[in-house]
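Read through the structure below, which is laid out as structure tokens, and then see the notes.
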Amino acid sequence: MTAMSSPVTLPPLMEYLPSGVWADLHHGRKPKTHPLDGIRMELWRAFRHLFPPHAVALQNDHGAILVSWSMADDPHATSAYAAPIMLRLEPELVELLEEADEAYRKRVAANQEQYLRCGLVGYDPYACANARVIILG
């Protein structure tokens, strides 16, 4: 007989979201999205290969990168889109990337891939009710 492990208690999602995003969601407002700025585009280029070719990345008003993709052609999908992934950037990472030259920015962005990979462990694109928040930096 195997011993059951005790359930893992996770902190509430609001602890991982910038306060403005949490307020928007709490009050039923959808966060606004924009094309990626230069810093976030560099990060996206560094780990774009981890997602399906038709994945879309946008930036919200609070600087997070939102990633999802259409699953309309997947017969097993219960939703038209994959469960969303939010990549939250620590302020220190943003500051470092803002101050870096192009070559160093690319190296720093490429280094973030290992953390993104760890954050994606167990991610299920079919579980639409379970958005994933990954903190980079």
Side-chain angles (χ1 to χ4, degrees):
M1 182 169 198
T2 60
M4 295 238 351
S5 60
S6 60
V8 176
T9 304
L10 297 174
L13 179 63
M14 64 185 266
E15 290 185 23
Y16 293 104
L17 297 175
S19 60
V21 173
W22 177 252
D24 286 346
L25 294 173
H26 182 70
H27 294 293
R29 296 184 300 260
K30 292 183 180 179
K32 295 177 186 162
T33 57
H34 314 279
L36 299 176
D37 65 15
I39 289 170
R40 286 152 186 87
M41 182 57 78
E42 196 66 56
L43 289 164
W44 180 239
R45 284 187 195 115
F47 43 72
R48 173 77 182 86
H49 63 278
L50 298 176
F51 298 95
H54 59 287
V56 175
L58 296 170
Q59 178 178 333
N60 70 12
D61 281 346
H62 306 285
I65 301 171
L66 308 172
V67 181
S68 192
W69 55 91
S70 173
M71 294 180 53
D73 295 333
D74 186 334
H76 304 291
T78 58
S79 176
Y81 295 95
I85 300 168
M86 175 184 276
L87 306 176
R88 182 174 164 223
L89 310 180
E90 291 289 1
E92 295 82 7
L93 176 62
V94 173
E95 184 178 330
L96 177 65
L97 291 169
E98 285 175 342
E99 295 172 358
D101 64 28
E102 184 178 349
Y104 186 62
R105 184 182 291 177
K106 287 181 181 188
R107 287 196 309 274
V108 170
N111 187 51
Q112 293 301 308
E113 181 183 330
Q114 63 185 320
Y115 304 110
L116 176 57
R117 284 181 180 272
C118 290
L120 288 172
V121 170
Y123 167 75
D124 179 5
Y126 296 97
C128 289
N130 298 316
R132 179 64 56 106
V133 177
I134 300 171
I135 301 171
L136 299 178

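- In this view, Glu98 satisfies the side chain to side chain donor-acceptor pair (under 3.5 Å) rule with no residue, not counting sequence neighbours.
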Throw together a table of side-chain donor-acceptor distances under 3.5 angstrom for residues 112-121, partners on residues two or more places apart or in other chains.
{"unit_1": "Gln112", "atom_1": "OE1", "unit_2": "Gly137", "atom_2": "N", "d": "3.1"}
{"unit_1": "Glu113", "atom_1": "OE1", "unit_2": "His49", "atom_2": "NE2", "d": "3.4"}
{"unit_1": "Glu113", "atom_1": "OE2", "unit_2": "His49", "atom_2": "NE2", "d": "3.2"}
{"unit_1": "Glu113", "atom_1": "OE2", "unit_2": "Arg117", "atom_2": "NE", "d": "2.8"}
{"unit_1": "Glu113", "atom_1": "OE2", "unit_2": "Arg117", "atom_2": "NH2", "d": "2.9"}
{"unit_1": "Gln114", "atom_1": "NE2", "unit_2": "Asn111", "atom_2": "O", "d": "3.3"}
{"unit_1": "Gln114", "atom_1": "NE2", "unit_2": "Asn111", "atom_2": "OD1", "d": "2.7"}

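- Across Asp37 and Arg40, no two heavy atoms sit closer than the pair OD2-NH1, 2.7 Å.
- For Ala72, the side-chain contact (heavy atoms from CB on, under 4.5 Å) partners two or more places apart in sequence, or in a different chain, are Ser70.
- Grouped by direct or indirect side-chain proximity (heavy atoms under 4.5 Å, Ile/Leu/Val/Met/Phe/Trp/Tyr only), Leu58 sits with Val56.
- When every heavy atom of Met71 is checked against every heavy atom of Ala77, the shortest pair comes out as O-CB, 3.6 Å.
- Under the salt bridge (Lys or Arg N to Asp or Glu O under 4.0 Å) criterion, no residue pair touches residues 67-78, with sequence neighbours excluded.
- Listed by chain and residue number, nothing satisfies the side chain to side chain donor-acceptor pair (under 3.5 Å) test with Arg132 (two or more places apart in sequence, or in another chain).
- Closest heavy-atom contact between Leu36 and Met41: CB-N, 3.9 Å.
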What pairs of donor and acceptor atoms, side-chain ones from residues 79-87 against any protein atom, are under 3.5 angstrom apart with sequence neighbours left out?
{"unit_1": "Ser79", "atom_1": "OG", "unit_2": "Tyr81", "atom_2": "N", "d": "3.4"}
{"unit_1": "Ser79", "atom_1": "OG", "unit_2": "Tyr81", "atom_2": "O", "d": "3.4"}

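- Here the CD1 atom belonging to Ile134 is positioned 13.0 Å from the CZ atom belonging to Arg88, to the nearest 0.5 angstrom.
- When every heavy atom of Ile39 is checked against every heavy atom of Arg105, the shortest pair comes out as CG1-CZ, 4.3 Å.
- Residues Ala55 and Arg48 share a closest heavy-atom pair of O-NH2, 3.4 Å.
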Show, in sequence, the C-alpha distance, side-chain angles and deciding distance for Val67 and Phe47, and conclude whether the side chain to side chain contact (heavy atoms under 4.5 Å, CB included) test is met. CA-CA 12 Å; Val67 181; Phe47 43 72; over 6 Å; no

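- Applying the salt bridge (charged side-chain N to carboxylate O under 4.0 Å, His left out) criterion to Glu92, with sequence neighbours excluded, gives no partner residue.
- To the nearest 0.5 Å, atoms CG (Asp101) and NZ (Lys106) are separated by 10.5 Å.
- Among residues two or more places apart in sequence or in another chain, the side-chain contact (heavy atoms from CB on, under 4.5 Å) test is passed with Ala109 by Glu42, Leu43, Ala46.
- Separation of atoms CG (Leu89) and CD (Gln59) is listed at 8.5 Å; rounding is to 0.5 Å.
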